[in-house]
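These notes are about the structure you will find just below.
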Protein chains: 2
Amino acid sequence: MATPTPQTAAPGGLRERKKQRTRDALIRAALELFTEQGYEATTIDEIAEAVDVSQRTYFRYFANKEEVVFAVQEMVEARFLEELSARPASEAPLTALRSAVMVAWDDIGGAIESVIPVELHMRSYRMIESTPALVAVHLRRSSELEEQIARLIARREDLDVDTDPRPRVLVAAFSGVMRVAGKVWGEGQDCSVASIRELTKSYLDHIAPAIDDDWHTAGEADTR
Amino acid sequence: MATPTPQTAAPGGLRERKKQRTRDALIRAALELFTEQGYEATTIDEIAEAVDVSQRTYFRYFANKEEVVFAVQEMVEARFLEELSARPASEAPLTALRSAVMVAWDDIGGAIESVIPVELHMRSYRMIESTPALVAVHLRRSSELEEQIARLIARREDLDVDTDPRPRVLVAAFSGVMRVAGKVWGEGQDCSVASIRELTKSYLDHIAPAIDDDWHTAGEADTR
DNA sequence: GAGGCTAATGTCAGCCACTGACAGTTGACA
DNA sequence: TGTCAACTGTCAGTGGCTGACATTAGCCTC
């Protein structure tokens, strides 16, 4: 039973392409409606109607009302994790994180724009922060992602994430910086992908000197 | 139009007492059902029926299904914030936080037990952690509480929470310790209020020497 | 290129969370 | 005791979400 569906980016047949188009259209319509008239004030029927599909079809693409809001972030995160796993083990942890972010932004910037205008993504970002139900989901997603990253880093460095605090601490710092970068970007005027990329880069450069070192050659696990 | 309802703890008339009893019964029934058969598997009709009130009445006491889950924590937090506001300005920030927690635990321990058995509270704690929807709400509540505490601390010390990072940093550390204490308690066997109190105390004593100092006499705002 | 296979979609019925409106009941208080 | 206001129940309705079943439409083979 060799995987019948390639699942890769390149759309094999018409069916795949059609599905992708429906999915993208749902995301765009949903975000457009949410940002215009508010998340709670928008019904799924409206979204489905805008894309000319049934409500039932919406729920075949997204498990619930929130999921469509985070679809784009999901893409970015998946790309980031994939890239992080691929970084050579010789890189120091923070360097790997940094490189992965940069590569992720580079080759997903275009992909994002093909789904939704970046400006809409930015408006969505602000909408999330002003909708309690979405803030909650956002926080949970963030904490889950942090956990995943910490485990990846620990594996790279061949450490136990439950006994050595360094992976989680590093990831916490890293995530904190990423969060601030995202926040500043959300408040600013320049809503290009390039701008958030640069913002992230400069912020990461700030903490790098302070915590980036090889965890195997420089001083033993110093938990003081 | 002077506030017609005293709203204080002491139950004035029969009406107040009856309301309190209904509320407590709803909390107890809800947590009992949730922990026994799962959060999602429990309907509000079941909870209402167990207390012998209508579903509509449930929603007059709690805004939604989640709220009842956090009712006890809400009590503890309110008591803590109240106590923190009352601490003398002469106390160093972390000392004030520490004292407020201790006082809050001391005089609310009994109040909790009057509403639900502590053992049920502990089971609820574990249920929250294993229910994604509740984890999300829990995280949002925590971050909101952190923000409140940081503002309170900043006001005490006469600082601007948006320019001076110290209040938020201290509160982040404090909250982190509290979270760990809660987690350890949840995993342990001893589900008494006294045990979480002592756990908290000892954990806080660990970080105290590291970060507790008077922010006005010891070294200027050192943001390095 | 006709026909079978299967994935994708539409339709329908139904559960549950949640809300507004209105009516009935019951403490509070003169 | 009677009036008022608070509390509660009932009912109808909306919206999120799901299972079951019928229908449509790519895909693949002969």
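Convention: sequence-line order gives letters A, B, ...; per-chain numbering from 1.
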#### Entry: Contact state string [nucleotides 25-30 of chain D, B base, S sugar-phosphate only, - no protein heavy atom under 4.0 Å]
BBS---
Throw together a table of side-chain donor-acceptor distances under 3.5 angstrom for residues 78-86 of chain B, partners on residues two or more places apart or in other chains.
residue : atom : partner : partner atom : Å
R79(B)  : NE   : D107(B) : OD1          : 3.1
R79(B)  : NH2  : E83(B)  : OE1          : 3.4
R79(B)  : NH2  : D107(B) : OD2          : 3.0
S85(B)  : OG   : L81(B)  : O            : 2.8

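- A salt bridge is defined here as a Lys NZ or Arg NE, NH1 or NH2 lying under 4.0 Å from an Asp or Glu carboxylate O, and R123(B) with E32(B) meets this definition.
- With sequence neighbours left out, E91(A) forms a salt bridge (Lys or Arg N to Asp or Glu O under 4.0 Å) with R87(A).
- Sorted by residue number, the members of residues 30-44 of chain B with any non-hydrogen atom under 4.0 Å from DNA chain C read T42(B), T43(B), I44(B).
- Looking at residues two or more places apart in sequence or on another chain, you find no salt bridge (Lys or Arg N to Asp or Glu O under 4.0 Å) involving E36(A).
- Scanning for salt bridge (Lys or Arg N to Asp or Glu O under 4.0 Å) contacts around E144(A) gives R140(A), with sequence neighbours left out.
- If you take OG1 on T42(A) and CD on E40(A), they are separated by 9.5 Å, rounding to the nearest 0.5 Å.
- Ion pairing of K183(B) with E129(B) is absent here, as no side-chain N (NZ or NE/NH1/NH2) approaches a carboxylate O to less than 4.0 Å.
- For the residue pair D190(A) / S192(A), a side-chain donor-acceptor distance below 3.5 Å is found, with atom types taken as modelled.
- For residues 40-60 of chain A, the pairs satisfying ring-ring contact (aromatic ring centres under 6.0 Å, His included) are Y58(A)-F62(A), with sequence neighbours left out.
- Of all nucleotides in DNA chain C having an atom under 4.0 Å from a heavy atom of chain A, the first and last in 5' to 3' order are dT6(C) to dT11(C).
- Under the rule for a side-chain hydrogen bond (donor to acceptor under 3.5 Å, both in side chains), R15(B) has no partner lying at least two apart in sequence or in another chain.
- With sequence neighbours excluded, the residues that form a salt bridge (Lys or Arg N to Asp or Glu O under 4.0 Å) with E147(B) are R151(B), R168(B).
- The distance from atom CZ of R23(B) to atom C1' of dC7(D) is 16 Å, rounded to the nearest whole Å.
- In this structure, R56(A) places its CZ atom 12 Å from C1' of dC21(D), rounding to the nearest Å.
- Annotation: proximity of residues 59-71 of chain B to DNA chain D (heavy atom, distance under 4.0 Å) is found for R60(B), Y61(B), numbered in ascending order.
- Taking the side-chain hydrogen bond (donor to acceptor under 3.5 Å, both in side chains) definition, one finds that R28(B) meets it with nothing, sequence neighbours left out.
- Using cut-offs of 30° and 60° on the angle between ring planes, the pair H138(A) and F70(A) is parallel.
- Atom P of nucleotide dG16(D) and atom CD of E46(A) are separated by 9 Å, given to the nearest angstrom.
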